[in-house]
Amino acid sequence: MTDGQQQHAPTDLEYLDLKQAAIICSVSEERFGKWIDKGAVPVIKVKGRRLIHSHDLVQHLVRHNIPIPDRLLQGNSKKILFVLTDEPIPHKVTIEVIWALYALRKETAYIFDFVRFDSNIELKIITLLPDKIVLLQDNSSDREPARQLQKLTNGASPIYTFAADRTAELKQFLSE
């Protein structure tokens with residue numbers, strides 16, 4: 001839990017009070033307060049008030065499969081879902097993903113999550129509503145996971161298959 005003192009007054013768009021955050025999460029203020037007390041959502045104290053940074057709230061929503069309201073998304077934020085079909089992910093793939101995200105960190109605001117391709121994937125797609133899906137798999141010849149994701153999204157989210165056996169432009173796909 002963060003208990004730092006701010007040097008300047010936070011903006012309304014950047015920080016939320018407990019009541020605003022509870023409304024966004026569709027829970028009571030009491031329940032949201034318990035999440036804070038457990039350390040699930042970090043807070044800062046400003047002039048005796050507990051405030052939640054909007055980024056921390058978004059991360060909490062993503063972790064707990066709660067839809068992110070548009071008003072929490074900053075500017076042109078993109079929601080990217082990385083779907084893992086194999087375990088472990090090949091080292092080469094992991095390195096490419098890390099470098100692509102690192103290169104984009106200043107160009108695009110994005111929210112991302114990593115999930116396994118299993119029976120819970122539909123819940124994550126419904127709650128995150130990703131702008132893009134990156135399917136990470138060992139080889140690009142298995143087209144079935146991509147077909148299933150296309151069906152789950154009704155074609156609403158572009159799907160990019162990134163495999164260890166294929167040279168790809170992951171950074172370009174993520175920045176489009």
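The basis for the numbers below is simple: all heavy atoms, side chains too, and nothing from hydrogens, waters or symmetry mates. Numbering starts at 1 and runs along the sequence shown. For clarity, every value in this text was computed on a predicted model and none was experimentally measured.
- The minimum heavy-atom distance linking Ala40 with His60 is given by the pair O-ND1, 3.7 Å.
- Here CD of Gln20 is found 10.0 Å from CD of Glu29. Values are rounded to the nearest 0.5 Å.
- Taking Pro158 as the reference, Lys132, Phe173 meet the side chain to side chain contact (heavy atoms under 4.5 Å, CB included) condition, with sequence neighbours excluded.
- With Arg50 contributing its side chain and Gly33 its backbone, the two residues share no donor-acceptor pair below 3.5 Å.
- With rounding to the nearest 0.5 angstrom, the CG atom of Leu149 is 5.5 Å from the CG atom of Leu135.
- Through direct or relayed side-chain contacts under 4.5 Å between Ile, Leu, Val, Met, Phe, Trp and Tyr, Trp99 connects to Ile95, Tyr102.
- Atoms CD1 and CZ, on Ile121 and Arg116 in that order, are 11.5 Å from each other to the nearest 0.5 Å.
- Side-chain contact between Gln148 and Phe117 is present, with heavy atoms from C-beta onward closer than 4.5 Å.
- Counting heavy atoms from C-beta on, the side chains of Val115 and Asn120 never come closer than 4.5 Å.
- By the side chain to side chain donor-acceptor pair (under 3.5 Å) test, Lys79 is found to be paired with no residue, residues two or more places apart in sequence or in another chain being considered.
- Contact check for Val46 versus Tyr15: no side-chain heavy atoms found under the 4.5 Å cut-off.
- When the shell of 6.0 Å around CD of Glu122 is examined, it contains 12 or fewer heavy atoms from other residues, nucleotides or ligands.
- A distance-only check finds a donor-acceptor pair linking the side chain of Thr85 to the backbone of Leu136 [under 3.5 Å].
- Take Arg147 and apply the side chain to side chain donor-acceptor pair (under 3.5 Å) test, not counting sequence neighbours, and it matches Glu144.
- Of all heavy-atom pairs spanning Leu16 and Ala21, the tightest one is CB-N, 4.3 Å.
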task = Could you give me the CA-CA distance, side-chain angles and deciding distance for Phe32 and Leu57, then say whether side chain to side chain contact (heavy atoms under 4.5 Å, CB included) is met?
result = CA-CA 11 Å; Phe32 199 89; Leu57 183 57; 3.9 Å; yes
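- Residues meeting the side chain to side chain contact (heavy atoms under 4.5 Å, CB included) test with Ile66, sequence neighbours left out: Trp35, Leu61, His64.
- When all heavy atoms of Pro130 and Ser157 are compared, the pair lying nearest together is O-OG, 2.6 Å.
- Atom CZ of Arg31 has 12 or fewer neighbouring heavy atoms from other residues, nucleotides or ligands inside a 6.0 Å radius.
- For Leu123, the side chain to side chain contact (heavy atoms under 4.5 Å, CB included) partners two or more places apart in sequence, or in a different chain, are Asn65, Thr127.
- The only member of Leu81, Ile80, Ile133 that meets side chain to side chain contact (heavy atoms under 4.5 Å, CB included) when paired with Leu128 is Leu81.
- Partners of Asp131 under the side chain to side chain donor-acceptor pair (under 3.5 Å) rule, at least two apart in sequence or in another chain, do not exist in this structure.
- Not a single donor-acceptor pair under 3.5 Å links the side chain of Asn154 to the backbone N or O of Ala156.
- Tracing side-chain contacts under 4.5 Å through hydrophobic residues (I, L, V, M, F, W, Y), one never reaches Val83 starting from Leu129; they form parts of separate clusters.
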request  = Would you please test Gln150 and Ile159 for side chain to side chain contact (heavy atoms under 4.5 Å, CB included) and show each step?
outcome  = CA-CA 7 Å; Gln150 194 72 25; Ile159 298 168; 3.3 Å; yes
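- Listed by chain and number, the residues in a salt bridge (Lys or Arg N to Asp or Glu O under 4.0 Å) with Asp17 are Arg49 (sequence neighbours excluded).
- Under the ring pair (Phe, Tyr, Trp, His ring centres under 6.0 Å) criterion, Phe82 pairs with Phe114, sequence neighbours left out.
- Side-chain atoms of Lys124 come within 3.5 Å of backbone N or O of Val62 as a donor-acceptor pair.
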